[in-house]
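Quantities reported herein were computed from a predicted structural model and do not represent experimental measurements.
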Amino acid sequence: MTQIRSVVLGCGSYLPEQVVTNAQLAARIDTSDEWIVQRTGIRERHIAAEGEFTSHLAIKAAQAALSDAGMDAQSIDLIVLATSTPDNTFPATAVAVQHGLGINHGAAFDLQAVCSGFVFALATADNFLRTGAFKRALVIGAETFSRILDWNDRGTCVLFGDGAGAVVLEAQEQPGNAATDRGIVTTHLRSDGRHKAKLFVDGGPSSTQTVGHLRMEGREVFKHAVGMITDVIVDAFEATGLNAESIDWFVPHQANKRIIDASAHKLHIAPEKVVLTVDRHGNTSAASIPLALAVARKDGRIKKGDLILLEAMGGGFTWGSALLRW
């Protein structure tokens with residue numbers, strides 16, 4: 001029985017030119033390179049330039065993904081942009097991306113699930129493609145988290161960076177075998193609003209009429225992360241009959257190396273299968289997974305036919321997983 005699946009045709013990314021190292025942060029606030037690396041694995045992050053918006057990063061990542069796919073922007077009829085740092089309250093930043101790519105047909109909208117945003121956006125686009133509503137989609141994660149950080153709070157400002165990543169998806173007919181089909185095999189999404197106070201931004205149009213700053217209870221987030229992440233990955237394995245040994249590459253949300261290592265260990269995923277970019281990018285929220293995919297694709301690790309496991313957890317809490325065959 002054949003089945004329509006959303007197949008990845010191309011992947012691309014963009015990072016702002018400015019790099020801020022741990023040493024540079026240590027010159028401004030009470031921290032050190034050793035302290036940051038030991039607790040997070042982060043060594044540097046990219047910061048958007050003045051006048052460089054989330055839409056600018058997203059457009060460049062989308063162009064790179066289209067180039068990788070060998071496709072023209074006019075073939076895209078759906079854009080789903082995951083971001084917590086839009087250019088404006090409205091319209092959706094995805095519409096600015098659509099315009100920037102010269103597209104004036106189809107649909108474009110933003111999706112907000114914080115660090116889980118790319119997985120949520122991937123699942124959303126996948127459902128639209130499988131129903132036949134659209135044929136080809138750009139799924140983008142783009143953030144300028146530097147704009148919502150309190151640069152005097154050493155517990156948060158050292159963690160985040162800016163960037164964007166994108167994939168091109170196409171609806172294709174596949175044989176219907178989860179073990180061999182190309183494309184997105186399964187996605188699992190969860191959220192639990194009881195945990196809002198552990199990771200949130202203390203502003204918004206309705207509540208304070210300001211943008212606000214990111215606030216986080218780091219220990220609480222860490223405590224919940226591993227359990228929540230492994231929960232939705234077990235769901236993915238149960239839904240497909242696949243397991244940790246089936247995975248070629250584990251591409252997690254790049255928030256903290258200790259969380260990534262603990263999750264991989266709990267799931268019995270070999271360390272050599274884990275794609276890590278948190279040391280170079282920091283936590284880029286919804287952009288982190290597609291940025292990591294682009295790195296592993298460019299350096300030759302991810303190849304056609306490889307089974308990729310994605311996972312993320314973000315403020316809300318939100319969390320999710322996706323299994324796809326490249």
Side-chain angles (χ1 to χ4, degrees), residues 15-49 84-85 114-116 141 143-163 165 195-203 211-230 250-267 269 271-272 274-289 291-292 295 311-317 319:
L15 290 162
E17 289 185 12
Q18 183 184 4
V19 176
V20 176
T21 66
N22 291 345
Q24 288 173 297
L25 288 177
R28 296 166 47 186
I29 58 174
D30 181 19
T31 190
S32 69
D33 176 67
E34 181 183 15
W35 187 90
I36 298 169
V37 172
Q38 182 182 26
R39 286 162 177 77
T40 70
I42 300 168
R43 297 184 183 275
E44 61 184 33
R45 70 285 294 146
H46 292 251
I47 302 296
S84 298
T85 51
V114 202
C115 298
S116 305
E143 302 282 17
T144 48
F145 253 55
S146 61
R147 307 275 158 76
I148 57 170
L149 297 178
D150 177 352
W151 288 97
N152 295 310
D153 179 4
R154 73 168 189 162
T156 57
C157 75
V158 302
L159 302 178
F160 296 90
D162 302 335
H195 302 288
K196 173 192 171 182
K198 297 178 178 68
L199 179 56
F200 70 107
V201 169
D202 60 1
V211 174
H213 291 112
L214 185 146
R215 306 299 179 194
M216 181 174 71
E217 298 176 12
R219 290 181 181 177
E220 285 296 308
V221 173
F222 189 98
K223 186 174 73 175
H224 285 82
V226 175
M228 289 177 168
I229 288 165
T230 53
F250 178 40
V251 186
H253 167 50
Q254 307 288 314
N256 183 305
K257 187 176 183 298
R258 291 194 298 162
I259 294 174
I260 294 169
D261 289 346
S263 301
H265 177 76
K266 186 174 180 179
L267 291 160
I269 297 174
E272 58 270 20
V274 181
V275 176
L276 278 171
T277 57
V278 68
D279 58 328
R280 289 164 281 169
H281 301 163
N283 182 347
T284 54
S285 189
S288 83
I289 288 177
L291 278 168
V295 167
E311 63 78 10
M313 174 191 160
F317 288 147
W319 64 105

key: Residues R45, L25; criterion side-chain contact (heavy atoms from CB on, under 4.5 Å); working and verdict   = CA-CA 11 Å; R45 70 285 294 146; L25 288 177; 3.6 Å; yes
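- Applying the side-chain hydrogen bond (donor to acceptor under 3.5 Å, both in side chains) criterion to R154, with sequence neighbours excluded, gives no partner residue.
- L159 places a side-chain heavy atom less than 4.5 Å from the side chain of T40.
- Proximity of a side-chain donor or acceptor of N256 to a complementary backbone N or O of R39 within less than 3.5 Å is detected.
- Of the possible donor and acceptor atoms, none in the side chain of E311 sits under 3.5 Å from a partner among the backbone N and O of V251.
- In this view, F160 and F145 satisfy the ring pair (Phe, Tyr, Trp, His ring centres under 6.0 Å) rule, not counting sequence neighbours.
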key: Worked verdict on V275 versus F250 for side-chain contact (heavy atoms from CB on, under 4.5 Å)   = CA-CA 6 Å; V275 176; F250 178 40; over 6 Å; no
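- In this structure the side chain of I42 never reaches within 4.5 angstrom of the side chain of D279, judged on heavy atoms.
- Under a 3.5 Å cut-off, the side chain of W319 and the backbone N or O of M228 do form a donor-acceptor pair.
- By the 4.5 Å heavy-atom criterion applied to side chains, V20 and Q18 are counted as neighbours.
- The main-chain N or O of T21 is found under 3.5 Å from a side-chain atom of Q24 such that the two form a donor-acceptor pair.
- No side-chain donor-acceptor contact under 3.5 Å links S288 to the backbone of T284.
- Taking 4.5 Å as the limit, some side-chain heavy atom of H281 sits within range of a side-chain heavy atom of V295.
- In this structure, R147 does not pair ionically with D162, as no charged nitrogen and carboxylate oxygen lie closer than 4.0 Å.
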